[in-house]
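These notes concern the structure reproduced below.
All values derive from a computational prediction rather than experimental measurement.
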Amino acid sequence: MAKPRVIYWFRTDLRLHDSPALQAALDLEPDVLWPIFTWDPHYTLFPKLFKAWKPTHLVFEKDTDAYARSRDEAVAKAAQEAGVKVIVRSGRTLWDSDGIVEKHGGKPTMSITQLQAAGKKIGPVARPLPAPESLPDPGDMPVDFEQHFPDKSRDFNAGYRSEKDTGYNAIAGPNGDFAIETLEELGFSPATTPHRGGESIALKALDELIKNKRYTATFEKPKTSPAQFEPQSTTLLSPFFHFGALSVRLFYWRVHEVVESFGKGASTPPESLIGQVLFRDMYFAAQAALGQSFAQTATNAYCRFIPWHLPSKRNPETGFTTGDYHIDKPEAEEWFQRWKAGVTGFPWIDALMRQLKQEGWIHHLGRHSVACFLTRGGCYVDWERGAEVFEEWLIDHEPACNIGNWQWLACVAFFTQYFRCYSPITFGQKWDKNGDFIRRWVPELKKVKAKYIYEPWKMPLLDQKQAGVRVTGDGLSERQEGSYPKPMFDFNERRSICLSAMKNAYAVGLHGNDEKVLDGTWRSLFPSPDEAEVMGEYESDYGENADIGDEEDREKLDGDSAGIKRAARKNSTDAKIKKQKT
DNA sequence: AATGAGTTGGTCCG
DNA sequence: CGGACCAACTCATT
């Protein structure tokens with residue numbers, strides 16, 4: 001019998017160590033093994049490859065991302081039609097995410113307790129497999145068919161290319177060596193990030209971490225500083241996990257060993273290093289259970305509905321295009337743009353957003369800060385808008401973790417304590433009194449006294465002169481030389497408005513799959529934006545305390561808001577009754 | 001049904 | 001720096 005001819009498709013597993021899928025391919029004892037790194041042109045490429053190379057097997061690591069599922073189904077179908085056997089192995093997570101879902105009754109894991117319980121039912125995390133000593137030769141690769149990128153409309157990076165893209169001109173790359181395309185070959189400018197990838201760098205980074213026994217064994221995420229840089233306070237292994245350059249199970253067992261031998265005083269999940277990868281598995285399994293609806297509010301039974309000022313681009317019915325889906329607040333669009341550009345006028349937020357854009361990575365608590373600020377704790381912009389920006393900019397972007405964490409911070413799923421709100425001023429100060437992190441990323445403020453670095457709008461003119469910066473403008477219009485924008489709103493005012501709006505939304509109690517959300521009738525359950533604005537009381541830090549005037553007005557408004565709240569509670573009760581019925 | 005816990009807030013007080 | 005409080009949600013356990 002002829003020996004197997006195998007195509008190995010690398011996607012989420014750019015490594016040789018601990019790859020169950022690669023091991024499965026090698027276990028076939030193939031005559032030839034072709035490595036393929038292509039990402040999207042598979043729909044047209046694979047049928048051609050099947051015809052030209054006549055493989056017997058196609059092997060790849062399981063990808064439970066919503067988009068990947070449909071892509072892989074299409075490829076499996078094409079393989080079946082060509083008589084090619086498909087082998088898929090789980091290898092991206094501690095446990096197979098579909099297995100976790102199954103043990104959790106087919107439902108998404110919405111807490112770390114649920115994930116741990118389901119993991120326990122499956123059994124211990126698999127021990128990592130060693131890297132193969134050698135790989136079979138790729139052999140002949142007749143490529144006498146159309147090899148160019150087949151569908152330019154699916155080239156989502158087109159807008160970023162400055163040079164000619166030669167990366168897709170040949171199956172084995174420009175040099176015929178199957179090397180992953182360089183940025184230059186893909187037509188991009190040199191990277192702006194100092195972070196570097198690859199399996200050997202990943203393994204070295206893990207070794208360095210493990211050498212530091214105390215750090216590894218006593219790691220507590222909430223105690224690591226989001227303001228620390230060069231070096232940062234956390235491991236920075238997430239990009240390696242994302243690309244599969246480092247096996248999460250290898251990480252798990254090597255950390256486990258250190259924790260065991262450290263004994264008393266070691267940290268435990270969820271704060272510990274092990275806890276971090278447990279959260280990762282939790283989000284993966286949540287997504288595996290919910291599919292595409294996980295990425296959005298619309299149709300998502302596990303996502304609370306909030307009438308954000310700036311809506312998602314998705315329509316509740318179709319999942320796409322902007323719909324009439326929010327309570328109008330014209331300023332919100334500008335707030336979103338200023339947040340994205342790092343010119344909100346709040347230095348702590350701006351520093352984080354600029355670091356994110358430049359380097360593609362910020363500390364987890366920094367992500368908390370900017371995500372809370374954009375959603376429930378400031379701008380009241382839909383979390384889906386923020387998630388899209390992170391998706392584009394993060395070098396460690398993992399769809400499941402990104403979506404899950406945005407839901408967490410927006411308090412629409414996973415987390416509910418919306419009254420715990422990050423301050424763009426005091427949260428950073430807790431870690432970095434002098435504002436060194438701000439000085440690094442917002443150089444306009446480099447010479448500002450520590451007293452004003454988190455609140456430059458409070459700086460007297462004389463101090464502004466001495467620091468060589470004028471606090472003026474909106475950040476978006478053409479910026480004056482040596483200026484830094486004024487804050488885009490009174491944070492305390494916004495915090496108060498958002499809090500009461502969240503309270504109301506919780507009382508109404510709608511979720512993404514509720515009929516009222518999908519047919520638009522949710523509007524009648526929420527106060528108009530003007531009413532919502534005056535529901536919150538606040539002490540202005542800026543001297544111009546909105547419209548709330550004399551005592552009589554205040555009473556009247558409070559009366560109104562109480563009425564709205566009563567209505568909201570009633571609606572909440574209705575919703576609960578409705579749920580019990582179904 | 002009641003109770004306690006939940007990775008990662010802010011403010012005030014001592 | 002530690003704890004009470006803010007105003008109060010949901011889940012897991014009993």
query: Starting at CG of A/L115 and ending at P of B/dT7, how long is that distance when rounded to a whole Å?
result: 11 Å

field: Distance, rounded to the nearest Å, where A/H363 contributes NE2 and B/dT7 contributes P
entry: 17 Å

- prompt: What distance, rounded to whole Å, do you find between the two P atoms, one in B/dG6 and one in C/dA8?
  reply: 22 Å

message: Output the rounded distance in Å from CZ (A/F414) to P (C/dC11).
response: 12 Å

message: Working note: A/R440 + A/E230, criterion salt bridge (charged side-chain N to carboxylate O under 4.0 Å, His left out); need CA distance, chi angles, decisive distance, verdict.
response: CA-CA 11 Å; A/R440 165 68 181 83; A/E230 287 164 24; 3.8 Å; yes

message: If I take atom OH from residue A/Y302 and atom NE2 from residue A/H511, how far apart are they, to the nearest 0.5 angstrom?
response: 10.0 Å

task: Grab the CG-C1' distance between A/N504 and C/dC9 for me, whole Å please.
output: 15 Å

field: Cationic N near anionic O, under 4.0 Å, A/R304 to A/D514
entry: no

field: Interatomic distance, A/F491 atom CZ to A/T426 atom OG1 [nearest 0.5 angstrom]
entry: 7.5 Å

message: Without decimals, in angstroms, what is the distance between A/Y302 OH and C/dT10 C1'?
response: 14 Å

query: What's the spacing between A/M353 CE and A/F346 CZ if we round to 0.5 Å?
result: 14.5 Å

- prompt: Would you say the side-chain atoms of A/Q296 pair up with the backbone N or O of A/A298, donor to acceptor, closer than 3.5 Å?
  reply: yes

query: If you round to the nearest 0.5 Å, how far is NE2 of A/H242 from CG of A/N402?
result: 10.5 Å

query: Could you give the distance from CD (A/E398) to OG1 (A/T93), rounded to the nearest 0.5 Å?
result: 10.0 Å

- prompt: How far, in whole Å, is B/dA2 from C/dA7 if one measures between their P atoms?
  reply: 24 Å

- prompt: For the residue pair A/N513 and A/T299, what are the closest heavy atoms and their distance?
  reply: CB-O, 3.6 Å

field: A/E208 with A/K211: basic N within carboxylate O range, under 4.0 Å
entry: yes

task: Report the distance from atom OH of A/Y506 to atom P of C/dA8, rounded to the nearest whole Å.
output: 13 Å

Please tabulate the protein-to-nucleotide N/O contacts below 3.5 Å involving nucleotides 12-14 of chain C, giving atom names and distances.
from	atom 1	to	atom 2	distance (Å)
C/dA12	OP1	A/Q114	NE2	2.5

Rounded distance in Å between the P positions of B/dG10 and C/dT10: 22 Å

- prompt: Is A/E455 salt-bridged to A/K458, cutoff N-O under 4.0 Å?
  reply: yes

task: Let me know the distance between CG of A/D281 and P of B/dT7, rounded to the nearest Å.
output: 16 Å

statement: Any stem touching DNA chain C, meaning at least three consecutive Watson-Crick or G-U pairs under 3.5 Å, ordered by first number, would be B:1-6 with C:9-14, B:9-14 with C:1-6

- request: Provide, to the nearest angstrom, the distance between the CG atom belonging to A/L273 and the C1' atom belonging to B/dT7.
  value: 13 Å

task: Sugar-phosphate atoms are those with a prime plus P, OP1 and OP2; base atoms are the rest. Using that split, label each nucleotide of nucleotides 8-14 of chain B B, S or - for protein heavy atoms under 4.0 Å, 5' to 3'.
output: BBSS---

message: Need one value for A/L499: base, sugar-phosphate or nothing, where a base atom within 4.0 Å counts as base even if backbone is also close, heavy atoms only.
response: nothing

- prompt: To the nearest 0.5 Å, what is the distance between OG1 (A/T216) and CG (A/L206)?
  reply: 8.5 Å

